[in-house]
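So the structure is just underneath, and the comments pick up after that.
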Amino acid sequence: MKTSKYQEMSELENSYWWHVGRKSIISQQLKKLGLKGNPKILNIGCGTGGMIPLFEQYGQVTNVDVSGEAIAFCKKLGYKNTIKYNGHKLPFKSSSFDMVVATDVLEHIEDDSGALKEWARVLRPNGHLLITVPAYQWLWSEHDESLHHHRRYTASQLHSKLNRQGYKVIKRSYAISFSFPLIVGYRLLNSLGGKDKSNKDSGYVILPTPINGFFINLLKLEAQVLKYANLPFGTSIIIIAKNNSPGNTHPSL
């Protein structure tokens, strides 16, 4: 991928309603967790670095990605603790991190169960895992293909995968729910032969600035709701889990 394309993606991460809104949702969940003691955080799939400043507010962040170009781009932005890895074995000792975050990464990995197992390996006992993924396989579209996804999930499917790899889920909810009927309608129209107005390289539908800003504000409100409740549907899923160990008595969030 050309450097100019990474620059375009970076700008989307900092301006596009979906990215900015998702960042608000994750920020509220991290606040509620109340992480203490400058924890060590592993950011898997750092991409163009859009989430790094948020994670750095909560601890010492190590960033990894399978793309050398993405790593180079992040270093150019000044994020020094960035490491390329092969997508299978993480270059860290077991129990190295207090928290692992993977925001819209798991759907890119063919062996998602193997990835969850490897993430558990580097996560200390009772350490936290925070992941987001796209919801519902029946919402599959050219957007997923353009982003090189392998699958979409239901909350129960992902919950079961986490259980099998030794995690205990403490927060499970659908997210980005306000846009759910809009996205379903848009993709239904496309499937019936409507004109696809998305960016073919990225899959994004670029909105007028006022509408983009309105959607960001809606997701900020949703982020507040998600602090206290779980939502029954949405275009994304957010899950927080703990690396299970004997005597784990952490209450559900």
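Residue numbers start at 1 and run along the sequence shown.
To the nearest 0.5 Å, the span separating NZ on Lys161 from OH on Tyr153 amounts to 6.0 Å. Atoms CD1 and SG, on Ile71 and Cys46 in that order, are 4.0 Å from each other to the nearest 0.5 Å. Atom OG of Ser179 and atom CH2 of Trp18 lie 10.0 Å apart (nearest 0.5 Å). To the nearest 0.5 Å, atom OG of residue Ser173 and atom CG of residue Leu231 are 4.0 Å apart. Here CD1 of Ile237 is found 10.0 Å from OG1 of Thr132. Values are rounded to the nearest 0.5 Å. Here the CG atom belonging to Leu90 is positioned 11.0 Å from the CG atom belonging to Leu123, to the nearest 0.5 angstrom.
At a threshold of 4.5 Å between non-hydrogen side-chain atoms, the residues Leu116 and Leu129 count as touching. Put simply, the side chain of Glu107 does not reach to within 4.5 Å of the side chain of Arg152, judged on heavy atoms. In this structure the side chain of Ile238 reaches within 4.5 angstrom of the side chain of Ile25, judged on heavy atoms. Side-chain atoms of Phe73 and Gln7, non-hydrogen and from C-beta on, do get closer than 4.5 Å to each other. For the pair Ile41/Thr62, no side-chain contact is recorded, criterion being any heavy-atom separation below 4.5 Å from C-beta on. The shortest distance between side-chain heavy atoms of Asp104 and Arg22 falls below 4.5 Å. You'll find the side chain of Val66 stays beyond 4.5 Å of the side chain of Lys84, heavy atoms only.
Between Phe233 and the options Phe180, Tyr136, Tyr174, Phe178, a ring-ring contact (aromatic ring centres under 6.0 Å, His included) holds for only Phe180.
Looking at Gln29, its side chain does come within 3.5 Å of a backbone N or O of Leu226 through a donor-acceptor pair. Glu13 places no side-chain N or O within donor-acceptor distance of the main-chain N or O of His19, the cut-off being under 3.5 Å.
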**Report entry** Full working for side chain to side chain contact (heavy atoms under 4.5 Å, CB included) between Ile240 and His128
**Finding:** CA-CA 7 Å; Ile240 301 173; His128 291 91; 4.1 Å; yes
Query raised in the report: Could you walk me through whether Arg124 and Asp98 pass the side chain to side chain contact (heavy atoms under 4.5 Å, CB included) check?
Result: CA-CA 6 Å; Arg124 67 168 177 80; Asp98 301 294; 2.7 Å; yes
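Connection of Ile211 to Leu12 is established within a shared hydrophobic cluster, with ILVMFWY side chains joined at heavy-atom distances below 4.5 Å, either directly or through further cluster members.
Other residues, nucleotides and ligands contribute more than 12 heavy atoms inside 6.0 Å of the OH atom of Tyr85.
In this model, no donor atom of one side chain and acceptor atom of the other lie less than 3.5 Å apart for Lys168 and Asn163.
A salt bridge does not link Asp144 with Arg151: none of the charged nitrogens is closer than 4.0 Å to a carboxylate oxygen.
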